[in-house]
Asker: 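Below is the structure I would like to discuss, written out as structure tokens.
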Protein chains: 2
Amino acid sequence: MGTLRERKKADREKRILSAAVHKFRANGYKAARIEDLAEAAEVSVGTVYNYYGTKGDILIAIVTMEVEEVLAEGQALVDNPPKDPGEALLALTLCYYDHSLNYLTKEMWRRAMALSIEAPDTPNGQRYAALDAKLAQQVADLLRRFQAQGQLASDLDATALGRVLFNNLNQSFIAFVTDDSMTLHDLRTVMTALTKPIAQLLPKLTS
Amino acid sequence: MGTLRERKKADREKRILSAAVHKFRANGYKAARIEDLAEAAEVSVGTVYNYYGTKGDILIAIVTMEVEEVLAEGQALVDNPPKDPGEALLALTLCYYDHSLNYLTKEMWRRAMALSIEAPDTPNGQRYAALDAKLAQQVADLLRRFQAQGQLASDLDATALGRVLFNNLNQSFIAFVTDDSMTLHDLRTVMTALTKPIAQLLPKLTS
DNA sequence: CTACAAAAATGAAGGTATTCAACCTTTTTC
DNA sequence: GAAAAAGGTTGAATACCTTCATTTTTGTAG
């Protein structure tokens, strides 16, 4: 149990983040003003900036929350995957997609992605890149598991292939968030179709 | 020869664009204020907005200029390519890269890319997407030429493969512009290495 | 309990993209 | 060639992110 100061601090940060999720989702990231978040969180504008350096920081904090939950869900799947490698890969991908809109809207994803390209050298851009890397790593972990079980050639580079497969699923996700008319169901359908040929190819791959 | 009004209009637009290229390159896109461009172009702030809807519009106009020159260079190569398909593909890619920094800096590319992800529904985002599509199309045209000459299986989908190859070269370009320490020479080296295995694979591909 | 120090909150001020109502300039009409 | 219409220009006003000097709250020492 921390001091009063620490408790208040933690509480305020939670309130700000929660207000941000709500306002960003309700009004859109662009339309939501810092003043609105501050009001909803019952703090002043200055205090918001005390906790988060920029509006983008708040967004990246939400992305981090989202991706960390996705990673946890994914880990469960990697620890106990379907028997078939191709099926497992598809399951992992769809698991990512299914949990991608819990906190973030498509617009929020677009802004976050734009941020990561726009400012790759800032703490934010780097945090986004780190999350990307973790996801790619998890795909690689899945591949390694199948290698250990002898269901996948052990001489192929799991990290590299994991990166390629992640790039592929990420590219499809970008197509999803940049097209407002595309539903999560559409995305699942596309990805199911795309993964089939990859699955057929997998057993044949040796470096 | 148009009317006085038309001449003035064309002249003003040219001055604004030229001032923008200069200021964006010299100070950075972010740091250059509309007021600065206006002053350099000898017009008022309002007039800048009369010609370009947003600051991003000006940037996209410059990107368009750049990409159109790149497309022209590329066309020359497609019309008269090296004998070997793999070599031709590499040549086209490097031709794109070599002409990518004539008007735009890395920072300007980053902002433009961010814009296209952030606002895919705006005229701007769509114009950027259209340029992407044209480049992918040109890669496909190169493939078709080799198909016509019998150096490439004619039953593979040139448009689809062109898109994949373009995605690949575009992804490498994103890596280039998001890493300030990476030189054009580094990019050429990376791409030369990456294209080799693709070239070896090409003759074997049939749908 | 008081005084002081450290930490944090505050909101007014500053900077820059964008809008718009008023004002010019060019073209057309008669 | 004067009047009206059409087309453009203008910069002051607006909106919103961000900064920072000031004020308030919390923790600590005597």
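Bear in mind the structure is a predicted one, so any value in this text is a computation, not a measurement. Just so we're on the same page: letters track the sequence lines, and every chain starts at 1.
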Asker: Among dC17(D), dT19(D), dA17(C), find the nucleotide with the atom closest to the side chain of K55(B).
Answerer: dA17(C)
Asker: Does dT27(C) have OP1 or OP2 sitting under 4.0 Å from an N or O in the side chain of T3(B)?
Answerer: yes
Asker: How close or far is atom P of dT19(C) from atom OH of Y51(B), stated in whole angstroms?
Answerer: 18 Å
Asker: Hey, which of these two, V45(B) or K9(B), hits DNA chain D nearer its 5' end, going by closest nucleotide?
Answerer: K9(B)
Asker: Expressed as a whole number of angstroms, how long is the span from K8(B):NZ to dG8(D):C1'?
Answerer: 10 Å
Asker: Mind checking A31(A) for me? I need base, sugar-phosphate or nothing, with any heavy atom below 4.0 Å counting as a touch.
Answerer: nothing
Asker: Select base, sugar-phosphate, or nothing to describe what Y52(A) touches, counting heavy atoms under 4.0 Å on all strands.
Answerer: nothing
Asker: Tell me: NZ of K23(B) to C1' of dA17(C), nearest whole Å?
Answerer: 17 Å
Asker: Any idea which heavy atoms bring V21(A) and Y103(A) closest together, and the distance?
Answerer: CG1-O, 4.1 Å
Asker: Donor-acceptor pair, distance only, cut-off 3.5 Å: does the side chain of E73(A) make one with the backbone of C95(A)?
Answerer: no
Asker: Hey, does the side chain of Y49(B) come within less than 4.0 Å of dT10(D)'s phosphate (OP1/OP2), counting only N and O?
Answerer: no
Asker: Within this structure, what is the CG-to-C1' distance between N124(B) and dA17(C), rounded to whole angstrom?
Answerer: 15 Å
Asker: Side chain of N167(B), backbone of V164(B): donor and acceptor closer than 3.5 Å?
Answerer: no
Asker: Would you classify R5(B) as touching base, sugar-phosphate or nothing, given that sugar-phosphate means primed atoms plus P, OP1 and OP2, and contacts are heavy atoms under 4.0 Å?
Answerer: base
Asker: Quickly work out the R33(A) CZ to dC17(D) P distance and round it to whole Å.
Answerer: 8 Å
Asker: Looking only at heavy atoms, which two atoms of A61(A) and L17(A) are closest? And how far apart?
Answerer: CB-CD1, 3.8 Å
Asker: To the nearest Å, give me how far apart CG (L37(A)) and P (dT18(D)) are.
Answerer: 11 Å
Asker: Between dA8(C) and N50(A), is there an OP1 or OP2 to side-chain N/O distance shorter than 4.0 Å?
Answerer: no
Asker: Between I58(A) and A20(A), what is the shortest heavy-atom contact and its length?
Answerer: CG2-CB, 3.4 Å
Asker: Nearest-Å distance, CG (D36(B)) to P (dT18(C))?
Answerer: 14 Å
Asker: Between dG8(D) and R12(B), is there an OP1 or OP2 to side-chain N/O distance shorter than 4.0 Å?
Answerer: no
Asker: dA9(C), OP1 or OP2 - any side-chain N/O from S44(A) closer than 4.0 Å?
Answerer: no
